[in-house]
Amino acid sequence: LLDSIFKQQLPSALSQLEGYLQHGGNPFSLLGLLSRNYSQLLTIRTLQERGLSPAAIREKTGMQEWLFQKLVRSVGHATSRKLSMALKKI
């Protein structure tokens, strides 16, 4: 679901959200997960915009390698401003 949201694949995201909720998924847990992920994306993008290397960003955030790589791919071309606005809406 989160990957579909980050890739802006709306039909897929909505379908997955519907399935999640139909199977008893907690919407508040999902909001918390979205908030956390967008916060991590914003941190990564902000540090990238400040010129830090990927290794320095990973060290500074303390993220595991697999998670860091996934989030770097997800952040794409989003600006820190766009991510900040999305986080405020969550």
Side-chain angles (χ1 to χ4, degrees):
L1 174 60
L2 294 176
D3 287 338
S4 294
I5 292 170
F6 296 144
K7 292 177 184 175
Q8 298 180 354
Q9 298 171 338
L10 188 57
S12 176
L14 290 174
S15 174
Q16 291 175 54
L17 175 60
E18 183 178 356
Y20 173 80
L21 295 174
Q22 285 179 348
H23 287 92
N26 184 330
F28 295 107
S29 294
L30 183 57
L31 282 174
L33 185 59
L34 275 169
S35 177
R36 180 168 189 238
N37 275 274
Y38 268 88
S39 178
Q40 290 172 318
L41 290 170
L42 178 58
T43 298
I44 289 170
R45 175 54 79 206
T46 299
L47 294 174
Q48 286 175 333
E49 289 173 355
R50 291 183 185 166
L52 272 71
S53 70
I57 295 170
R58 188 178 163 284
E59 182 179 328
K60 192 170 192 78
T61 60
M63 290 180 194
Q64 292 186 15
E65 180 68 25
W66 69 269
L67 176 59
F68 178 75
Q69 292 301 326
K70 182 176 182 172
L71 291 172
V72 166
R73 285 189 303 272
S74 294
V75 78
H77 298 290
T79 63
S80 58
R81 183 175 185 272
K82 183 177 177 181
L83 291 166
S84 180
M85 288 172 46
L87 187 56
K88 286 178 185 177
K89 290 178 181 180
I90 294 172

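All of these numbers come straight from a predicted model, not from anything done at the bench. Residues take their numbers from the sequence shown, with the count starting at 1.
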Undergrad: Which heavy atom of Leu1 sits nearest a heavy atom of Ala13, and at what distance?
TA: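 Closest heavy-atom pair between Leu1 and Ala13: CD1-O, 3.1 Å.
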Undergrad: Evaluate whether atom CD of Gln8 has more than 12 neighbouring non-hydrogen atoms of other residues, nucleotides or ligands under 6.0 angstrom away.
TA: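 No, not enclosed.
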Undergrad: Indicate if Tyr20 and Leu10 have the same hydrophobic cluster label, given that clusters are the connected sets of ILVMFWY residues with side-chain heavy-atom separations under 4.5 angstrom.
TA: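 No; Leu10 is not reachable from Tyr20 via cluster members.
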Undergrad: Can you sort out the partners of Glu49 under side-chain hydrogen bond (donor to acceptor under 3.5 Å, both in side chains), two or more places apart, ordered by chain and number?
TA: Ser80
Undergrad: Spell out, yes or no, whether Leu34 and Leu21 are grouped together once hydrophobic residues are joined by side-chain heavy atoms under 4.5 Å, including indirect joins.
TA: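 The answer is yes; both residues are in one hydrophobic cluster.
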Undergrad: Within this structure, what is the NE2-CZ distance for the pair His77 and Arg45, rounded to the nearest 0.5 Å?
TA: 8.5 Å
Undergrad: For a quick test of your reading: what N or O donor-acceptor pairs under 3.5 Å do the side chains of residues 82-90 make, sequence neighbours left out?
TA:
none

Undergrad: Hey, what do you get for NZ (Lys70) to CD (Gln64), rounding to the nearest 0.5 Å?
TA: 13.0 Å
Undergrad: To the nearest 0.5 angstrom, please state how far the CG atom of Leu2 sits from the CZ atom of Arg36.
TA: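 Interatomic distance, Leu2 CG to Arg36 CZ, rounded to 0.5 Å: 11.0 Å.
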Undergrad: Taking the side chain as C-beta and beyond, is there a heavy-atom pair between Val72 and Gln48 under 4.5 Å?
TA: yes
Undergrad: Under 3.5 Å, side chain of Arg58 to main-chain N/O of Ser53, donor-acceptor pair present?
TA: no
Undergrad: Looking only at atom types and distance, does a side-chain atom of Thr43 sit under 3.5 Å from a main-chain N or O of Ser39, one as donor and one as acceptor?
TA: yes
Undergrad: For Phe68 and Pro54, work out which heavy atoms get closest and say how close.
TA: CZ-O, 3.4 Å
Undergrad: Could you tell me the separation between the OG atom of Ser74 and the OH atom of Tyr38, rounded to the nearest 0.5 Å?
TA: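 If I round to the nearest 0.5 Å, the distance is 9.0 Å.
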Undergrad: Under the side-chain hydrogen bond (donor to acceptor under 3.5 Å, both in side chains) rule, collect the residues that match up with Gln40, sequence neighbours excluded.
TA: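 side-chain hydrogen bond (donor to acceptor under 3.5 Å, both in side chains) check on Gln40 returns nothing, list empty.
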Undergrad: Grouping I, L, V, M, F, W and Y whenever their side-chain heavy atoms are under 4.5 Å apart, do Leu31 and Leu42 come out in a common cluster?
TA: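 Yes, same cluster.
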Undergrad: Determine the minimum heavy-atom distance between Lys60 and Leu52, stating which atoms define it.
TA: CD-CD2, 4.1 Å
Undergrad: For a 4.5 angstrom cut-off between non-hydrogen side-chain atoms, does Asn37 reach Ile5?
TA: no
